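Fair warning: this is a prediction, and the values are worked out from it, not measured in the lab. Here is how names work: the chains are called A, B, and so on, in the same order as the sequence lines, proteins then strands, and each is numbered from 1.
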Amino acid sequence: MSEPILRTERLTKRFGGLVAVDGVDLAFEPGRVHAIIGPNGAGKTTFFNIISGMLPADSGRVFFAGRDITALKPHEISRCGIKRTMQIKSVFPNLSVADNLWITAKAGDGFLHPFRAASRFAEVAAKVDATLEQIGLAAVREQTAGTLSYGDMALLEIAMALVSSPKLLLLDEPICGMSPAETERTVAKIRELARQVEIVIIEHNMEVVFGRADDITVMAQGAVLARGTPREIGADERVREAYLGRPEDDDA
Amino acid sequence: MSRRALERAILVAFGVAMVAVPWLVPALLGSFWVSVIAEILIWSLLAASVNLLFGYVGLLSFGQALYFGFGMYGVGIGIAHLGLSFWPAFGLGIVASVAMALVAGIFAVRLTWHYFAIITVVFSLIFYFLFLTIKPVTGGDDGINFTLPPTFRFGQTEIGLADSTFQYFFILFCVAACFWLMHRVIQSPLGKALMAIRDNDVRASLIGLNIYRLRLVAFVMAGFLAGVSGALFAFFGRYSSASYMFYHVSGEAVVWAIVGGTGTLFGPLVGTGIFILVREVVSTQWQHHLLIVGVIAILIVIFAPKGFVGLWRGLMNRVTS
Amino acid sequence: MEILLLLAMNGLVWGLIIALIALGLSIIFGLLDIINIAHGDFFMVGTMVAWATVQMTGNFWLAFLAAPLIGLVLGAIIQRVVIQPIRNAAALSIVATFGLSMILQETARLTFGAVPKRLLPPIEQTIRLFGIDYEVYRLFAAALAIAALAGFFLYLHHTKTGTWMRAVRHDPDTAIAMGIPAERVYVLTFAIGFALAAFGGAVAAPITTVDFRGGVDILPVCFMAVIIGGLGNLPGTAAAAVLLAFMEGIIQSFADPTVARIASLVLMSAVLLVRPQGLFKGFAR
């Protein structure tokens with residue numbers, strides 16, 4: 001068995017009396033698309049927030065490709081190669097689409113030149129152009145990001161994650177709130193990406209998960225309820241009970 | 001004519017006009033107005049320092065007068081107490097303000113939003129009161145006067161700011177150099193990183209930007225601009241005074257920057273120009289010019305929150321489209 | 001020793017008046033998300049109203065009625081005309097209130113002149129207290145301030161509109177969803193904030209000078225009380241105001257007043273950096 005790309009050990013986070021993430025032990029093997037599902041409040045986004053450094057864990061550890069990244073700051077974790085998207089789309093609204101990608105591609109460098117014109121960094125510009133083509137945003141490259149359509153903004157977020165050559169991509173409900181057409185386009189992109197980079201995806205939409213993921217982790221009330229292939233999860237009685245069997249009351 | 005070409009033409013015309021000021025203005029308006037324009041140039045740097053922080057990093061500093069004051073006193077104390085000549089005194093002013101900005105920034109940029117505005121004004125008040133108490137060094141509210149050492153010396157000939165034309169060009173050169181520097185920063189990778197932090201600091205840290213360090217860098221740069229402004233003002237007035245460190249001076253700079261248009265290179269210059277011209281024109285007839293200043297500030301904030309430069313851009317968009 | 005006692009007493013009295021003004025600043029900050037640079041000038045307006053009342057009627061007592069009333073009206077008008085249009089741009093509110101501050105100061109200078117004025121207290125007796133002769137008016141001022149503070153807290157907790165104000169401060173979205181007219185609450189908050197400061201001004205007028213720049217020194221002290229007491233913690237703000245003025249009073253007995261001011265400012269920066277929730281979190285709620 002190879003080294004897991006991402007591993008957590010007894011990871012715990014409390015908010016007051018609520019245990020949002022409760023002693024989670026997980027290992028994500030490389031080369032597979034992982035999905036985390038679970039009802040609202042299961043602790044999925046909190047789990048991502050701890051991994052990406054936005055929230056400090058109360059206890060437990062996070063290892064990325066064998067390296068302990070638990071106490072690192074968000075920008076340090078990002079520089080290790082872990083990139084994420086947010087459930088509520090998060091871009092730089094007053095910068096152009098191209099500039100969003102430009103600064104994202106450059107941000108990992110320790111040194112940001114204070115005086116040399118940004119337009120003269122040819123290798124970064126080439127990377128931005130290639131990503132714009134790959135994701136299909138070339139037509140809106142000069143548009144201000146805040147004025148993009150919802151679907152384009154979500155694609156821009158994925159493009160931003162991609163342009164920085166990530167090793168691991170954390171996608172938090174990437175198709176949440178999209179129209180069917182946008183969903184189809186985005187799912188196709190994600191499937192394409194999965195060939196180049198490790199992906200962990202939080203998803204609500206069952207069809208997307210069962211269609212694309214190799215491994216599924218089910219979370220409920222902060223803890224891991226079940227793990228397995230889509231087929232195994234679909235057949236699991238506990239999952240059925242806790243999550244699938246219930247009426248659609250968690251579809252916020 | 002395209003919009004870009006028009007704006008470039010305006011910029012060139014403006015540059016030519018600024019160079020022609022010492023000959024044109026005395027003939028048309030009187031030589032008094034040359035020094036008014038010089039003063040506008042000096043103060044526009046203080047407004048630019050507010051703009052660098054607010055317009056490009058999203059941090060509203062209400063304490064830039066502190067670094068202005070350090071620039072001023074670096075020059076004043078350097079010349080009056082330490083007997084420095086022109087350039088070392090200038091250097092002392094700039095180094096003092098940059099060092100102060102670094103120390104204050106280490107603490108201040110840990111905070112954001114309203115808390116940042118408050119901590120910056122608190123730091124400036126602490127040193128304002130401190131400088132009021134150490135009168136033997138600072139002269140307190142009265143300040144210290146000094147005689148200007150010459151700027152250049154070639155054998156027997158000395159050139160100094162006593163020559164008003166030379167003084168104007170010295171100020172114009174320093175201010176233009178600072179604006180050019182700021183232009184370079186805005187266009188650079190650093191500038192883009194700062195704007196990314198302004199737009200969305202959570203996302204900025206997730207793409208790998210060290211937002212604490214970048215905010216600190218911007219804070220020190222803003223301290224530099226304010227410091228140059230204060231040092232020039234000390235040379236210009238031949239004195240340094242603690243009264244320029246009070247929060248009203250910081251507040252006026254914020255008003256100038258926002259009324260001119262933050263997030264634009266020349267907005268602060270426009271805002272500063274408008275307010276100082278209003279002051280100079282109105283105050284000869286009526287001593288309550290601040291009433292007009294207050295009304296303009298409120299009207300702009302309500303009806304044109306992007307400032308005069310924003311108004312201009314909106315107008316250009318409508319004309320060109 | 002007498003000097004120390006006198007300054008400590010003065011500090012205490014002054015602190016109670018500051019508490020009144022700082023409460024106004026705190027509710028405006030907490031509810032409207034505005035840094036009100038003009039708040040010191042609201043106090044100044046109160047001192048001017050007191051002076052004008054004495055000039056016109058010869059009766060100082062009327063000022064205690066006139067100042068808060070004028071404060072309420074002016075506050076409501078200013079909120080509607082200046083603050084409401086920029087509700088969604090909090091950073092701009094600093095510029096707007098800075099402009100407001102200039103307008104208030106210059107209007108006061110235009111109307112009442114630039115020369116600072118002294119106002120005689122309506123009670124001129126002194127009383128023997130702990131071995132010093134103490135002005136009765138100052139004790140009376142302290143009592144008035146305490147009464148106004150108590151009245152304000154009673155209002156917040158025992159009236160419908162007071163409850164609205166607490167609800168909007170706590171969670172504006174939910175409050176609006178529950179049908180609380182938030183816009184009216186904003187107007188009311190700003191008006192009451194102005195009225196508290198103006199009342200403080202009227203009370204303080206015979207103790208301090210009546211000057212169009214009188215608010216400039218008050219503003220930083222009020223901000224210190226709000227920050228040290230904890231944003232949104234109204235009893236904490238009042239306690240911090242008294243504590244600060246008392247401390248400054250005591251430091252003034254052996255050092256320069258500016259040294260006392262520097263000490264409070266340093267304390268305030270420490271609180272901002274180490275405990276931004278204020279000194280009294282979980283202590284007085």
> In terms of heavy-atom proximity below 4.5 Å to chain B, should A/Val124 be classed as side chain, backbone, both, or neither?
neither
> Taking every non-hydrogen pair under 4.5 Å, which of B/Arg213, B/Arg203, B/His183 racks up the most with chain A?
B/Arg203
> Is a side-chain N or O of A/Asn94 found less than 3.5 angstrom from the main chain of B/Asp199, in a donor-acceptor match?
no
> Under the criterion ring pair (Phe, Tyr, Trp, His ring centres under 6.0 Å), which of B/Phe123, B/Phe224, B/Phe219 is the partner of B/Tyr67?
B/Phe219
> Checking B/Ser205 side chain against A/His75 main chain: does a donor-acceptor pair fall under 3.5 Å?
no
> At a 4.5 Å cut-off on heavy atoms, which part of B/Leu194 comes close to chain A: side chain, backbone, both, or neither?
neither
> Looking only at heavy atoms and a cut-off of under 4.5 Å, which of B/Ala204, B/Gly191, B/Gly263 has the most pairs with chain A?
B/Ala204
> Please state whether the side chain, the backbone, both or neither of A/Met86 comes within less than 4.5 Å of a heavy atom of chain B.
both
> Just by modelled atom types, is the B/Gly93 backbone N or O under 3.5 Å from a matching donor or acceptor in the B/Ser97 side chain?
yes
> For B/Thr262 and B/Ile258, indicate whether the former's side chain and the latter's backbone hold a donor-acceptor pair under 3.5 Å.
no
> Set out, in order, the CA-CA distance, both residues' side-chain angles and the distance that settles salt bridge (Lys or Arg N to Asp or Glu O under 4.0 Å) for A/Lys106 and A/Asp99, then state yes or no.
CA-CA 10 Å; A/Lys106 197 85 182 88; A/Asp99 276 352; over 6 Å; no
> With a 4.5 angstrom heavy-atom cut-off, which part of A/Arg84 approaches chain B: side chain, backbone, both or neither?
both
> At a heavy-atom distance under 4.5 Å, which candidate from A/Ala161, A/Ser119, A/Ala105, A/Ser90 has the highest pair count against chain B?
A/Ser90
> Name the region of A/Ser164, side chain, backbone, both or neither, that has any atom closer than 4.5 Å to a heavy atom of chain B.
neither
> Using the salt bridge (Lys or Arg N to Asp or Glu O under 4.0 Å) rule, take A/Arg141 and A/Asp129 through it: C-alpha gap first, then chi angles, then the decisive distance, then the call.
CA-CA 9 Å; A/Arg141 59 172 298 146; A/Asp129 288 340; 2.6 Å; yes
> Among B/Ile197, B/Asn210, B/Leu181, which residue forms the greatest number of heavy-atom pairs with chain A at distances under 4.5 Å?
B/Asn210
> Give, as side chain, backbone, both or neither, the part of A/Glu157 having an atom under 4.5 angstrom from any heavy atom of chain B.
side chain
> Given 3.5 Å as the limit, does a donor-acceptor pair link the side chain of A/Asn49 with the main chain of A/Leu55, or not?
no
> Which region of B/Val217, side chain (C-beta onward) or backbone (N, CA, C, O), has a non-hydrogen atom less than 4.5 Å from a non-hydrogen atom of chain A, or is it both or neither?
neither
